[in-house]
Amino acid sequence: MPDAAASPHPKPKDKDSPPMSVVTRFAPSPTGFLHVGGARTAVFNFLLARHFGGTFILRIEDTDQERSTPEATKAILDGLTWLDLSWDQLYYQSKRADLHNEYIDKLLESGHAYWCECTPDEVQAMREKAQVEGRKPKYDGRCRERGLGPGPGRVVRLKAPLSGTTSFNDLVKGVISVNNEELDDLVLRRADGWPTYNMAVVVDDVTMGVTHIVRGDDHVSNTPKQILIYRALGLNPPVFGHVPMILGPDKKKLSKRHGAMSVTDYRDMGILPEAMVNYLLRLGWAHGDKEIFSREEMIALFTTENLGSSAAVFDLDKLLWLDSHYMKQTRPEELAALLPDFLAAKGLPRAEPGYLARVVPLLQARAKTLVEMAAAADFFVLPDAELPYDGSAVAKFLTPEARTRLSAMAEGLAALPRFDQVSLEAYFATYLEAEGLAFKAVAQPLRVAITGRTFSPGLHETMDVLGRERVLARLARAVNL
RNA sequence: GUCCCCAUCGUCUAGUGGCCCAGGACGCUGGCCUCUCACGCCGGUAACAGGGGUUCAAAUCCCCUUGGGGACGCCA
């Protein structure tokens, strides 16, 4: 069995010292989708392991037979894969019940646990009574010294210390200590023979050699209980770090009410995974004033040292800003490969990646997400005959005079020896010179005629990408609208 | 109810006793650039929850108050 005690707290200053074996884990319960809070926890654990050249374990905690589903497990795996948070080992907790029970038996043998025949109702009554009397609701330990053996309906409880304090040095919150009077003899094995969460977690973390447990804030109160189990087992607990939760704009715990919670919702919104990870990382962690982190930088710079200790509000605007940044950074070919699905989602034709790779550069600075890019690409992918025209734009810019000029330009464009950006610029320069006009005078009519609306990428490059045939077809159509 | 945790601009945060009458980023906003829309660039707005200490010196340390949150399961 791995010795959990042999895990020194990594010191940032020793960043480049010989690798100590750091083992982290992300342990979601498959009862829903991978939500942003879980995803952020995964990011932290992934980065911590990679930073120290350690191991990142994914453990599906599916011991709740009622609520765990294969669909949820798949959703979590998909979410992590999308974010490119690759795990080194994958475990399903439900398959390890025998192992958990072995440890419970050890505790029974060593006298650190005992059988209890109190029913859930009885325990419930004890708790209520304590509560009204202003005490901590807890099991009163009445079976503690009865020396009961196994039997139907009986559970195994931990014989927890009655006095003293249990404390630990949290990586993000510092020393946390709790009076053992606050804790009760928690159930280790249910009446149906299945181990409980706290027991399973400890056994798994111990046997998997987990050295750093970075998890959500909501687990701080479980930590003392788990430490008690480690002690009963005669083992030293690993290092804990509890990160604060993520809140909605109203400062309440993030929930469906606030809109998208699942990371896949963000994928569908057209957010790039790089932006999502960057955003999640900065939510609760900082490295000076740095906002943008490449994957390499994240790994090199991340330590638990700079984790924040207060809850953070999820800010969609900032995520969008980061995404717009990554939209500009990503190679056109990559975006072109992702775009067809988003075009299809809008009922637009799935254009060829080769063609899209030429369209994308014109749109990168104009779209914050892939969804926006797909929308902005409509006139690039729609057949000429199906291009919709904005009525008020037509009325405003396609005046009789403008149509006359459009026809004249169409003739000139048809006669051009070459139809690329350079020759287009040259053509318009001479045409406008001869007419005594500024480009400004023809730009909007031209734009409306070619794109159907009043805003678009630069006209020369747009025409270049569209090609002579389509430009001419649209000009002809516009003149007769 | 009891215990635990948290508290810097609207938001994410920097700040680890003097460099801070508090810096960066998002947002909002003024301007520049310009064939439109964007991008970009320059500028502006805005915070140490309150009160006591400790100290020559506190956003930084301590205490209290207030306000948030979490936990108290044979759920995870």
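Lettering follows sequence order; numbering is per chain, from 1. Bear in mind that the values here come from a model prediction, so they are computed numbers and not experimental data.
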Ion pair check, [X] and [Y], cut-off under 4.0 Å:
| X | Y | answer |
| --- | --- | --- |
| A:Asp204 | A:Arg96 | yes |
| A:Glu181 | A:Lys136 | no |
| A:Arg127 | A:Asp184 | yes |
| A:Lys290 | A:Glu297 | yes |
| A:Asp62 | A:Arg67 | no |

I want to verify a distance call: between [options], whose nearest atom is closest to the [X] side chain?
| X | options | answer |
| --- | --- | --- |
| A:Glu291 | B:U8, B:C12, B:C74 | B:C12 |
| A:Thr196 | B:U36, B:G1, B:C74 | B:C74 |
| A:Pro120 | B:C35, B:A76, B:C74 | B:C74 |
| A:Arg282 | B:C39, B:U13, B:C5 | B:U13 |
| A:Lys173 | B:C26, B:C5, B:A76 | B:C5 |
| A:Ala312 | B:C35, B:A25, B:U13 | B:U13 |
| A:Lys136 | B:C72, B:C12, B:U13 | B:C72 |
| A:Val313 | B:G24, B:U8, B:C12 | B:C12 |
| A:Ile176 | B:C4, B:U8, B:A76 | B:C4 |
| A:Arg157 | B:G1, B:C3, B:C74 | B:C74 |

Could you check whether [X] gets within reach of a base, just the sugar-phosphate, or nothing at all, counting any heavy atom under 4.0 Å?
| X | value |
| --- | --- |
| A:Pro457 | base |
| A:Ser177 | sugar-phosphate |
| A:His460 | base |
| A:Gly458 | base |
| A:Leu459 | base |
| A:Glu182 | sugar-phosphate |
| A:Cys118 | base |
| A:Ser310 | sugar-phosphate |

Rounded to whole Å, please give me the gap between [atom1] in [X] and [atom2] in [N].
| X | N | atom1 | atom2 | value |
| --- | --- | --- | --- | --- |
| A:Asn169 | B:C5 | CG | P | 12 Å |
| A:Leu58 | B:A76 | CG | P | 18 Å |
| A:Lys225 | B:C74 | NZ | C1' | 13 Å |
| A:Glu305 | B:G15 | CD | P | 10 Å |
| A:Asp390 | B:C37 | CG | C1' | 13 Å |
| A:Asp289 | B:C20 | CG | P | 13 Å |
| A:Asn306 | B:G24 | CG | C1' | 15 Å |
| A:Arg215 | B:A76 | CZ | P | 14 Å |

Atom [atom1], compared across [N] and [M]: separation rounded to whole Å:
| N | M | atom1 | answer |
| --- | --- | --- | --- |
| B:C37 | B:U29 | P | 16 Å |
| B:C35 | B:C42 | C1' | 24 Å |
| B:A47 | B:G27 | C1' | 15 Å |
| B:C9 | B:C64 | P | 23 Å |
| B:A22 | B:G10 | P | 15 Å |
| B:G51 | B:U66 | C1' | 10 Å |
| B:A58 | B:U65 | P | 24 Å |
| B:A57 | B:C19 | P | 14 Å |

With a cut-off of less than 4.0 Å, is there a side-chain N or O of [X] near OP1 or OP2 of [N]?
| X | N | result |
| --- | --- | --- |
| A:Lys328 | B:G40 | yes |
| A:Ser456 | B:U36 | no |
| A:Ser309 | B:A7 | yes |
| A:Arg447 | B:A38 | no |
| A:Arg127 | B:G73 | yes |

> Hey, do the aromatic rings of A:Phe379 and A:Phe455 have their centres closer than 6.0 Å?
Replying inline: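 They do not qualify: ring centres at least 6.0 Å apart.
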
> With a 6.0 Å cut-off on ring centres, are A:His460 and A:Phe439 close enough?
Replying inline: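 Yes, close enough.
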
> Where each residue is assigned the nucleotide of RNA chain B containing its nearest heavy atom, which of A:Phe455 and A:Gly308 is assigned the position nearer the 5′ end?
Replying inline: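 That would be A:Gly308.
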
> Do A:Leu281 and A:Met298 come close enough that some side-chain heavy atom pair is under 4.5 Å?
Replying inline: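 Yes, side chains in contact.
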
>> If only side-chain N and O atoms count, and only distance matters, is there a donor-acceptor pair under 3.5 Å linking A:Tyr279 with A:Asp315?
In response: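 Distance-only check fails for A:Asp315 and A:Tyr279.
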
>> If we check ring pair (Phe, Tyr, Trp, His ring centres under 6.0 Å) with A:Phe44, which of these qualifies: A:Phe302, A:Trp285, A:Phe26?
In response: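 Between A:Phe44 and the candidates, ring pair (Phe, Tyr, Trp, His ring centres under 6.0 Å) is satisfied uniquely by A:Phe302.
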
> Which is it for A:Arg157 and A:Thr196 under the side-chain hydrogen bond (donor to acceptor under 3.5 Å, both in side chains) test, yes or no, and what are the steps along the way?
Replying inline: CA-CA 10 Å; A:Arg157 286 182 183 276; A:Thr196 56; over 6 Å; no

>> Between the base of B:C12 and the side chain of A:Lys318, is there a donor and acceptor pair under 3.5 angstrom?
In response: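 Side chain to base: pair found, below 3.5 Å.
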
>> Tell me if the side-chain of A:Asp62 makes a donor-acceptor pair with the base of B:A76, cut-off 3.5 Å, by modelled atom types.
In response: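 For A:Asp62, whose side chain was compared with the base of B:A76, there is no donor-acceptor pair (under 3.5 Å).
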
> What form does the base of B:C63 take, syn (within 90° of 0) or anti?
Replying inline: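 With its glycosidic angle more than 90° from zero, B:C63 counts as anti.
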
> With under 30° as parallel and over 60° as perpendicular, where do the rings of A:Tyr427 and A:Tyr431 fit, or are they tilted in between?
Replying inline: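 Ring orientation of A:Tyr427 relative to A:Tyr431: parallel.
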
>> Taking salt bridge (Lys or Arg N to Asp or Glu O under 4.0 Å) as the definition, give me every residue that meets it alongside A:Lys173, ordered by chain and number, with sequence neighbours left out.
In response: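 Checked A:Lys173 against salt bridge (Lys or Arg N to Asp or Glu O under 4.0 Å); matches are A:Asp217.
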
>> Let's go through A:Thr462 and A:Asp464 carefully: what are the C-alpha distance in whole Å and the side-chain angles of both, what is the deciding distance for side-chain hydrogen bond (donor to acceptor under 3.5 Å, both in side chains) to 0.1 Å, and is it a yes or a no?
In response: CA-CA 5 Å; A:Thr462 296; A:Asp464 182 0; over 6 Å; no

>> Walk along nucleotides 64-69 of chain B from 5' to 3' and tag each nucleotide B, S or - by protein heavy-atom contact under 4.0 Å, base first, then sugar-phosphate.
In response: -----S

> How does each nucleotide of nucleotides 41-51 of chain B score, in 5' to 3' order, for protein heavy atoms under 4.0 Å: base (B), sugar-phosphate only (S), or none (-)?
Replying inline: -----------

